[in-house]
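Below: the structure, in C-alpha cells.
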4 protein chains.
Amino acid sequence: MSPKVTDEYKEEKRSQILEGALHCFALKGYQATTINDIAQYLNLSKGAIYTYFSSKEEIYIQLMEEQTRHSNNEIRGQFQTLPTAEEKLHFLFRYFRQRSFNCMRQLGKVYYEFWLYSSRKDELQRLMDHRYQHAISQIGEVIAEGQRNGEFRRDVNDQFVGSLFWILRDGSLLHFSVIGDEQMYQNVWREAEEMLFSYLLTTPDA
Amino acid sequence: MSPKVTDEYKEEKRSQILEGALHCFALKGYQATTINDIAQYLNLSKGAIYTYFSSKEEIYIQLMEEQTRHSNNEIRGQFQTLPTAEEKLHFLFRYFRQRSFNCMRQLGKVYYEFWLYSSRKDELQRLMDHRYQHAISQIGEVIAEGQRNGEFRRDVNDQFVGSLFWILRDGSLLHFSVIGDEQMYQNVWREAEEMLFSYLLTTPDA
Amino acid sequence: MSPKVTDEYKEEKRSQILEGALHCFALKGYQATTINDIAQYLNLSKGAIYTYFSSKEEIYIQLMEEQTRHSNNEIRGQFQTLPTAEEKLHFLFRYFRQRSFNCMRQLGKVYYEFWLYSSRKDELQRLMDHRYQHAISQIGEVIAEGQRNGEFRRDVNDQFVGSLFWILRDGSLLHFSVIGDEQMYQNVWREAEEMLFSYLLTTPDA
Amino acid sequence: MSPKVTDEYKEEKRSQILEGALHCFALKGYQATTINDIAQYLNLSKGAIYTYFSSKEEIYIQLMEEQTRHSNNEIRGQFQTLPTAEEKLHFLFRYFRQRSFNCMRQLGKVYYEFWLYSSRKDELQRLMDHRYQHAISQIGEVIAEGQRNGEFRRDVNDQFVGSLFWILRDGSLLHFSVIGDEQMYQNVWREAEEMLFSYLLTTPDA
DNA sequence: CATGAATGAGAATTCATTCAT
DNA sequence: CATGAATGAATTCTCATTCAT
C-alpha cells in the first residue's frame, strides 16, 4: 500500500547521501573521507548509509554515474532544441561557463580524482573508457554535422576536435578546481571558445 | 669516514627510492600505495626508506619537486637557445610530444593526483599556487615576446594564452594518462598545436 | 535511541577499560603495555578501546585522574566528619594503611611512573604541579587548624609539614610498591605516624 | 704493550657513555630515549656505543650500579671518620642536602624510573631487593649503634627507623625531582632531619 | 675500531563493514 | 529500519641491534 511513499523516501535518502558524499569527497578527497564524515555531515548513522549503499566505493561510483547522467541529459536535451552545430557548440561553452562555479569546482575535484581512481580498477576503467568514447563522439558528431552543413571547415578531423573540446574542458576545470580563481576561469574559458571557433571557422587558405 | 662515496651513494639511493615511488604511485595511486609496496618493489626494507625520507608524504612531495625542477630546467635551457617566440612555443609542443609516453603517463597520473591532493593541504596549496603562477607567466612571457616581435597577433591577452597552453597540456596529459591511447595523444596534441598557432598567427581582420 | 541504557553501558565499559589498563600498567609498566595487552586482558578488540579513549596516553591520564578524584573525595568526605586536626591526620594514616595492599601496590607503581612521565610533558606537568600544591595545602591547612586549636606545636611551618606528610606517604608507597613487603609497610607506616605526631605534639622546650 | 692506555681509554669511554645516558634518560625517560639520542648527545656513532655495552638495558643497569657504588663508597668512607651515630646520621642528611641539586634531580628521575622498571624484571628485582636490604641495614646499624651508645632512645626498632630514613630520602627526592623546587627541598629536608632527630632523641616518658 | 645504513619486529592508530539491540 | 559499538585487517612509523665497509 505504501510502496510509493517508501520508494520515494528511499530515493530521496539515496540522493541526500550522494549529495553529502560529494561535499565530503570534494572537501577531503575520496580516500581521506570516512563513512563517518559523510554520516556526520548528514546527521545520519553509519549504518543508515549501508542501508542504501553497499560500500563506500559504490557511493563513489553511483555519485559519478548520477552526475554524468544528469549532465548528459541536460546536454542532449538542449542539443535537440538547437538547430545548428555552431549553436550546439556555443551552448556547451555557455553550459560549462554558467554552472555555479562552486558546484563545478566541487565536482571537478571529485570527478578527476575519480577518473584517476577508475584507471586503476579494471571494471571501472572499462566503464569510463566507454563514457569517454561516448563524450568524444558526441562532440565529434556535432563537428561532423557542422562540416556537412558548411558551418565548419572540412579539413579537420571531427574526432580530434571532439577530443580537443574535452581536453579544453577538463584542463580548464582541473586548473580551476585546484586553483579556484573564478574570474580567470571565465576569461580563459571565453578565450578557449574563441580559439576553437576561430579554428573551426577559418577558411582553409583558398 | 668516506663522505664522498657515502654522499654519492645516498644520493643514488634517494633517487632510486623516488623512482620506485613514482612507479608504485602511478600503478596504485598515492594513498593505496603502502611503504611496503615501495620497499618490496625496490627490494628494500621498510625501515631503509625512512633513512632517506621522513614520511610517505615527503616522498610524494620531493618526487614532485624533483620532476618539476627537472622539467623546468630542460625548458629553461632550451628557451635560451631558441631565438624566436614561435620556436620556443613549438619546442614546448615537441617537448611534451616526444618524451617517452609511458614515462609521461606515469608522471601524469601521479602529478594530477598530487595536484588534487595538494589542494587540500594549505602548505602544499601555497607551494603549488606559486608554481602555477610561474608556469603561466613563463609561457605568458613567450607570448608577449612574440607579440612585441610581431610574430603573434597583439589582440590577445598573453596571460590568458599562457593559461590556455597549460590547460591544453594538462587536459591532454590527463586524458591520455587515464585513457592511454598514445596514437590519439600524438594526433590531438598536434591538432592542439595547430589550433593554438593558427589562433596566434591569425591577422585580426585587417 | 535508548540513551539511558547506552550511557550507563558506556560508562561501565569506560570504567572496565580503566581497570584493565591499571592492571596491565601495574604489571608491565605503561610504555611496555600495549593496547593489545589491555584488549586481550579485557577480551576486547583493539579497536573497541579506541571507541572510548582516543589514545593510550589518554587512558593513562584519565586513569590517574579518576584515582585522584576518588581519593580526594574520600578524604574530603571524611574530613568533614572529623572535628579535630589530630583526628583528621590520624584518619589519613589509617586511610593509607587500610586500603587493600595489593590495590595500593598496583596504584603506587602506576602512579609514580605516571608522575615521572608527567614531568616530561609540559601540559601534564602543569596539571600535576597544580594537584601537588593542592595536596600539600590540604594537609597544611589541617596542620594550621591544629595549631590554631592548640593541638599542635606552633613553631613548625604548616606547609613544610604538609609536604613532609606526602613525602612520607610517597616514600612508603614507592618502597612497598616496589618491594612488596606488606608487613614491613604496616610497621613502618605506623612508625611514621608515631614520629610525625610525636613531632607535632612535642611542646617546644618550654 | 699498550693495554694500559687502551684500557684507560675504554674505561673513560664507558664512563662518558654512562654520563650521556644519564643526561638523556633524565631528560626523556629510559624508554623514550633512543640509542641515537645518546650517541648524538655524545657525538658518537650508534655502533660505538655497542662496542662498550651490549644493549640499552645494560647501559641502564650499569649506570645505576655505578651510581649506587659511588654513593655507597662515599657514605661508607665518611662513616669511618665519624665517631658517633648522631654524626653519621647528620652527615647523611647533609650529604643529600648538599649534592648539586640539578645532579640529584637528574639522578632521582632516572633512579626511581629504574626502580619501578626493575620491579618488573625478576633478575633485576632480586638485585634491587638485595641493595634495598643493604641500605636499610646500613642505617639500621647506625641507629642500633646510637642506641647502644645511649645517643638514641632504645624503644624504637632500628630497622624501622632505617626504613623511615630511606622513605624520607626517596619521598623527598622523588617529590623534588618531579617538582623541581630547590628551596622547598632544602627546607623540607631540614624539617625532616629535625623531625627524625627529635624522634630519636626524645626520652621516652621517663 | 668506528660508522651508520639496513633490518624487521612491533607499536599505535584508523576505518570500512557488520550486526545485536 | 536505525543505531553505533565492535571488529580486526591494514598502515605508518620507530628503533634496538647488526654488520659490511
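OP1 or OP2 of dA2(F) lies within a sub-4.0 Å distance of a side-chain N or O belonging to Y52(A).
As rounded to whole Å, 17 Å separates atom P of dA5(E) from atom CG of L42(B). Spacing between atom CD1 of I17(D) and atom P of dA2(E) amounts to 9 Å, rounded to whole angstrom units. Between N43(A) atom CG and dG4(F) atom P the separation is 11 Å, expressed in whole Å. Atom CD1 of I38(A) and atom P of dG4(F) are 17 Å apart (whole Å). Rounded to a whole Å, the CZ atom of F53(A) is 14 Å from the P atom of dC1(F). The separation between K13(B) atom NZ and dA5(E) atom P is 11 Å, rounded to whole Å. Rounded to whole Å, atom C1' of dA11(E) lies 14 Å from atom CD1 of I49(C). Between the CZ atom of R14(C) and the C1' atom of dG4(F) there is a distance of 18 Å, rounded to whole Å.
A salt bridge between R131(C) and E65(C) is present, with a side-chain N of the basic residue lying under 4.0 Å from a carboxylate O of the acidic one. With respect to R14(C) and E19(C), no salt bridge is recorded, no charged nitrogen being found less than 4.0 Å from a carboxylate O.
Q16(D) and E12(D) are linked by a side-chain donor-acceptor pair at a separation below 3.5 angstrom, with hydrogens and angles left out of the test. Judged purely by distance below 3.5 Å, without hydrogens or angles, the side chains of R120(C) and Q125(C) never pair a donor atom with an acceptor atom. Counting only N and O atoms by type, the side chains of Y9(A) and K13(A) include a donor and acceptor under 3.5 Å apart.
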Could you write nucleotides 13-21 of chain E as a row of B, S and -, 5' to 3', where a protein heavy atom under 4.0 Å of any base atom gives B, of only sugar-phosphate atoms gives S, and otherwise -? BBSSBB---

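For L18(B) against I59(B), the heavy-atom pair with the smallest separation is CD2-O, 3.7 Å. What you find for K56(B) and T33(B) is that their closest heavy atoms are NZ-O, 2.7 Å.
With distances taken from any side-chain atom of S45(B) to the nucleotides dA5(F), dT3(F), dT7(E), the minimum falls on dT7(E).
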Please output the side-chain donor-acceptor pairs of residues 24-32 of chain A that fall under 3.5 Å, not counting sequence neighbours, one pair per line with the distance.
residue: K28(A); atom: NZ; partner: D37(A); partner atom: OD2; Å: 3.0
residue: Y30(A); atom: OH; partner: E57(A); partner atom: N; Å: 3.3

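F114(D) has its ring centre less than 6.0 Å from the ring centre of Y60(D).
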Show me the dot-bracket string of DNA chain E, counting Watson-Crick or G-U pairs under 3.5 Å, with | for pairs to another strand and [ ] for crossing ones. .||||||||||||||||||||

